[in-house]
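Take a look at the structure set out below.
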Number of protein chains: 2
Amino acid sequence: MTIKLDDVAKLAGVSKTTVSRVLNNRGYLSEETKKKVNKAMKELNYQPNAVARQLFRKKTNLVGLIFPTVDNPFFGELVAELEPRLFKAGFKVFIGNSMNDPEKEKAYLRELISNQVDGLIVGAHNYNIDEYMNTNLPIVAIDRIINKDIPVISSDNYQGGKLATELLIKRGAKFIVITDGPLSLQTPAHKRRQAYKDVMKAHGLEPRTFLINFSWSIEKKKRSIEKMFQKFPTMDGVFATNDIDAAMVWQTAEELGIEVPADLKIIGYDSAHSTRLLLPKLTTIEQPISAMAEAAVHTLLQRISGENIICEQVLPVRVWHGRSV
Amino acid sequence: MTIKLDDVAKLAGVSKTTVSRVLNNRGYLSEETKKKVNKAMKELNYQPNAVARQLFRKKTNLVGLIFPTVDNPFFGELVAELEPRLFKAGFKVFIGNSMNDPEKEKAYLRELISNQVDGLIVGAHNYNIDEYMNTNLPIVAIDRIINKDIPVISSDNYQGGKLATELLIKRGAKFIVITDGPLSLQTPAHKRRQAYKDVMKAHGLEPRTFLINFSWSIEKKKRSIEKMFQKFPTMDGVFATNDIDAAMVWQTAEELGIEVPADLKIIGYDSAHSTRLLLPKLTTIEQPISAMAEAAVHTLLQRISGENIICEQVLPVRVWHGRSV
DNA sequence: GTGAAAGCGCTAACAT
DNA sequence: ATGTTAGCGCTTTCAC
C-alpha cells in the first residue's frame with residue numbers, strides 16, 4: 001500500500017488541505033505547520049501521486065514522441081535532443097516507435113490521446129492517418145506533412161538535394177541514381193528528389209530513381225542494392241537519401257570491387273553525430289538535428305500555451321565533406 | 001472540452017455504468033444497448049480517459065526506461081528492441097536519458113514513481129542512488145548492479161573481455177591498452193577489464209588502462225585519445241570498451257599515419273546493427289541486444305505479475321570479425 | 001439487464 | 001492560518 005496525502009495529514013495532525021498547501025507552497029501557512037508536515041512527509045517517504053493530480057488539473061505534463069525507430073542514427077539523435085529539452089520545460093516523454101506501420105501509429109496515437117498527453121511531436125513517415133484530423137491536441141511534425149494546421153519543422157530538403165546532386169556532377173559523375181522511399185509518404189523530404197531531378201535536367205542528365213523503403217529489413221535492403229548495381233552497370237554516382245543506405249551502397253561497391261570515389265561517387269543524407277564518428281569518410285548532407293529539436297520543442301510549447309501559430313520552419317543544411325565523392 | 005463517459009451515456013439514454021460496461025465488455029448487456037452505446041461513442045468520437053482509469057485501477061500500464069542516451073547505437077538499439085515488446089504486452093513507455101548525471105537520474109526516478117509506473121528498466125550507468133532502495137517497484141537492470149534484490153540482465157562481459165584480449169594477442173599485439181570508464185560505476189561491464197587483466201597477465205604482458213568517460217563530449221574524448229597515443233607511443237593494440245570509442249581511436253590512428261591493423265590492432269565492443277552497417281570493418285565483440293531486451297521484458301513482466309524471482313541472466317557474446325585486428 | 005452511489009488521491013472554492 | 005466539502009472521469013459493489 002502506498003502512502004497518500006491523508007496518511008501524511010494524519011501523522012502531522014492536520015488536514016489534507018494543509019498538506020496539499022505545503023506540497024504546492026500555496027496559501028498562508030505557519031512555519032511550524034510547514035515543519036510538521038515536511039517532517040511527516042519525510043518520515044513516510046511520501047511521493048505525491050501524479051495521476052491524481054493529472055486528473056484534477058486536466059494537465060499531464062506529458063508529451064508523446066512518435067518516430068519510426070530510435071535505432072537509426074538520425075532519429076536516435078533527434079529523440080536524444082528532444083527529450084532533455086522537454087524535460088527541462090517540465091514535461092516527461094512517452095515514446096512510440098511506429099516502424100512506419102500505420103496501424104501501430106494509429107494505436108500509439110489513440111493511446112497517447114487517451115493518456116491525455118499535452119502535446120505530440122511526430123516524425124514518423126506514414127500515410128495519411130485520419131486520427132490526426134479529429135484532435136485539437138497541440139502537434140508539431142518533423143519532416144512530415146500531416147495537414148495544413150500542423151506546423152512542420154524540417155531542414156532545407158530542396159537545398160540539400162541540390163547540393164548533393166551538384167557535388168556529384170561537379171566531381172564528374174554522369175549516371176547518377178537516387179535511392180529514395182515511396183512518394184506516397186507525405187514528407188518534405190521528397191523535395192530532395194525534386195531538387196535532384198531539377199539539377200539533373202538542368203545539366204542534360206537523366207534522373208533515375210531506385211526505391212529503398214526505410215522500413216525494409218537489412219537483408220532486403222542489401223538484396224535491393226545488389227539489384228541496383230545489376231540494373232545500372234554504368235552507374236557512377238549514387239545519392240542515397242539517408243546515411244545507412246549510403247553505407248550499404250558503399251559496402252556493396254567494395255564487395256563488387258568498385259572503387260569509391262574513383263569509379264563510383266556516393267553521397268548520403270542526415271549526418272548524425274554517431275554516423276560521423278563511425279564513418280567520417282562518407283560525404284553527406286548534414287541536417288541541423290539539434291536546431292530542429294530546438295525549433296520543434298519551442299513551437300510545441302507555444303502551441304501548448306495556446307498560441308496558434310501556423311508555420312513551416314525550414315532550417316539550413318550543409319555538406320559534410322568526406323571522401324566518398 | 002473533451003467528451004466523457006457521461007456525455008456518451010446521455011446521448012445513448014443510458015447510465016454511466018452501462019457505458020462503462022460496454023467499454024470494458026463486462027457484465028450482462030442486451031445487444032440493443034450495446035449498439036446504442038457504440039453508436040453514441042462513434043458519434044461523439046469518444047476516447048476513454050486513461051488517467052481516470054489509472055487512478056481507479058491503481059495500475060497505469062506504464063513502464064519507465066532510464067538509459068544514458070538513445071543517441072548511441074547500443075542504447076538506441078536496446079530501446080528500439082524493448083519498446084515494441086513492452087507495447088505488445090500492453091505497456092506504454094516513458095523514456096528518460098540520464099546522460100549519466102546522477103541528479104537527472106534521481107529526478108527521473110522520482111517523476112516516474114510519482115507517475116505510478118508499473119515497472120522500470122534501468123540501463124543508466126550511475127553511481128549508487130538511494131532512491132532505488134526505498135521502492136518496491138518492479139525493476140530490471142541492464143548491465144548494471146543496483147542492489148541484490150534487482151535482477152540484472154547482461155551479456156557475458158568476462159567472456160567478451162577474454163575473447164577480445166586473446167584475439168589481439170593472437171594476432172601479435174603486445175602493448176595493448178584498454179579504454180574504459182571509471183571503476184566507480186557499478187556495472188558488470190567491469191568484468192571486461194578484469195578479463196583483459198587476467199589474460200594479459202597469463203601471457204606475461206602488462207595491462208594498461210586508459211580512462212575514457214562515456215559521458216564526455218566528443219571533443220574531450222578526441223583530445224583524450226590523442227593523449228593516449230602520446231602517452232603510449234609503442235602501443236600496438238587497443239581494446240575499446242565501446243564501438244564509438246574504437247572508431248575514434250581508428251580515426252586518430254589514421255590521422256597519425258598509423259596503419260590498422262598492421263601497426264595497430266583495434267577491437268571494439270557492442271556491435272549494434274547500425275554500427276555494423278556503417279563500419280563493418282571494425283572487429284568487435286557483439287552483444288546479443290535483441291536477446292537482452294527479450295530477457296529484460298520477460299523478467300520485468302514476471303516481476304510485475306508478482307513473481308519475485310531474483311536472478312542474474314548472462315547472455316553469450318561473440319566476435320564480429322572485421323579487419324581492424 | 002440496468003442504475004445509483006461511493007471512491008481512487010488530489011486540489012480549490014468556500015467557510016471559519 | 002486551517003478545515004470542510006465537492007469534484008476531476010472512471011469503475012464497481014450493491015440494489016432493483
**Message:** How would you summarise protein contacts on nucleotides 7-16 of chain D per nucleotide, using B for base, S for sugar-phosphate only and - for none, with heavy-atom distances below 4.0 Å?
**Reply:** BBBBBB-B--

**Asked** Do the charged groups of B:E32 and B:K35 touch, with an N to O distance under 4.0 Å?
**Response** no

**Prompt:** Does the side chain to side chain donor-acceptor pair (under 3.5 Å) test come out yes or no for B:N61 and B:K59, once each step is laid out?
**Reply:** CA-CA 6 Å; B:N61 284 304; B:K59 175 132 191 340; 2.9 Å; yes

**Request:** Using side chain to side chain contact (heavy atoms under 4.5 Å, CB included) as the criterion, point out the one residue from A:L11, A:L23, A:D7 that pairs with A:Y46.
**Result:** A:L23

**Item:** Residues B:R144, B:E105: salt bridge by 4.0 Å N-O rule
**Value:** yes

**Message:** Taking 4.0 Å as the cut-off, does a side-chain nitrogen or oxygen of A:S15 come that near to OP1 or OP2 on D:dT4?
**Reply:** no

**Message:** I need the NZ-P distance between A:K10 and D:dG3, as an integer number of Å.
**Reply:** 14 Å

**Request:** Please answer whether the main-chain N or O of A:P48 pairs with a side-chain N or O of B:S114 as donor and acceptor at a distance below 3.5 Å.
**Result:** yes

**Asked** Between C:dT2 and B:S30, is there an OP1 or OP2 to side-chain N/O distance shorter than 4.0 Å?
**Response** yes

**Message:** Check this one for me: any side-chain N or O of A:T18 less than 4.0 Å away from OP1 or OP2 of D:dT2?
**Reply:** no

**Request:** Can you label the angle between the B:F214 ring and the B:F75 ring as parallel, tilted or perpendicular, going by 30° and 60°?
**Result:** perpendicular

**Request:** Provide, to the nearest angstrom, the distance between the CD atom belonging to B:Q54 and the P atom belonging to C:dC10.
**Result:** 15 Å

